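Written below as structure tokens is the structure these notes are about.
Atoms within a ligand are numbered from 1 in the order they appear, just like the ligands themselves. Since the structure is predicted, the reported quantities are computational estimates derived from the model, not experimental observations. Positions are given from 1 along the sequence.
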Amino acid sequence: MMIKKMKPSLIALGAVLGLCAALPASAQFQKAEDAIKYRQSSFTLMGTHFSRIAAMAQGKVAFDAKAAAENADILNTIAKLPYSAFGEGTDKGAPNRAKPEIWKESAKFKEAADKMVAEVGKLDAAARGGNLDQIKAAVGGVGQSCKACHDNYRAKETN
Ligand code: ASC
């Protein structure tokens, strides 16, 4: 049998990969608290890197094309992370401000999350190009996509 020829380490790796693929993303967190911390950490990092670029777009900080591109690259990676940490059952488990609408209107929430990722992708492309006017326009798009979710899906108080 084919499997007899495989090294045990490869069989173990295959089993782990198979298990990961079989689980929904939310189940990759052991506890709801872990998912909540994960998405909150992602948003904190996104805010840090986005606001460095936004400060240049607003003329509060001198434009530095290399720094803008570096921050946009990091943002573009992190922006893809938080959605996976909004699985079923992660509304409670640690203090957080996620509104129940996230799970009630899950298709709309996914659309809003995808929109944000797309806008961040445009900012990354603009920052790589190094044109401040294009960066300003893309910063506007990202800011609107942040705000759309804050308005609809983020409560004022922690639950
Ligand atoms: C930021 C930041 C946000 C967004 C949002 C845009 O710099 O941290 O959450 O912009 O304020 O409306």
For F50, atoms of ligand 1 separated by under 4.0 Å from a heavy atom: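 The atoms of ligand 1 under 4.0 Å from a heavy atom of F50 are 1 (C), 7 (O), 10 (O).
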Around atom NZ of K99, are there more than 12 heavy atoms from other residues, nucleotides or ligands closer than 6.0 Å? yes
What protein heavy atom sits nearest atom 6 (C) of ligand 1, and how far away is it?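 Looking at atom 6 (C) of ligand 1, the protein heavy atom closest to it is G143 O, 3.3 Å.
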Tell me which protein heavy atom sits closest to atom 8 (O) of ligand 1, plus the residue, atom name and distance to 0.1 Å.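 Nearest neighbour among protein heavy atoms for atom 8 (O) of ligand 1, to 0.1 Å: G47 CA, 4.0 Å.
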Is the shortest distance from a heavy atom of H150 to ligand 1 less than 4.0 Å? yes
Only one of N71, N76, T77 forms a side chain to side chain donor-acceptor pair (under 3.5 Å) with H49, so which one is it?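 The option that passes is N71.
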Does the protein put a heavy atom under 4.0 Å from atom 11 (O) of ligand 1? no
Would you list the pairs meeting ring pair (Phe, Tyr, Trp, His ring centres under 6.0 Å) in which at least one residue belongs to residues 124-159, sequence neighbours left out? F109-Y153
For K122, which residues count as a side-chain hydrogen bond (donor to acceptor under 3.5 Å, both in side chains) partner, sequence neighbours excluded?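 K122: side-chain hydrogen bond (donor to acceptor under 3.5 Å, both in side chains) contacts with E119.
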Return the OG to CZ distance between S106 and F86, rounded to the nearest 0.5 Å. 13.0 Å
Please state which option from C146, C149, A148 has its nearest heavy atom closest to atom 4 (C) of ligand 1. C146
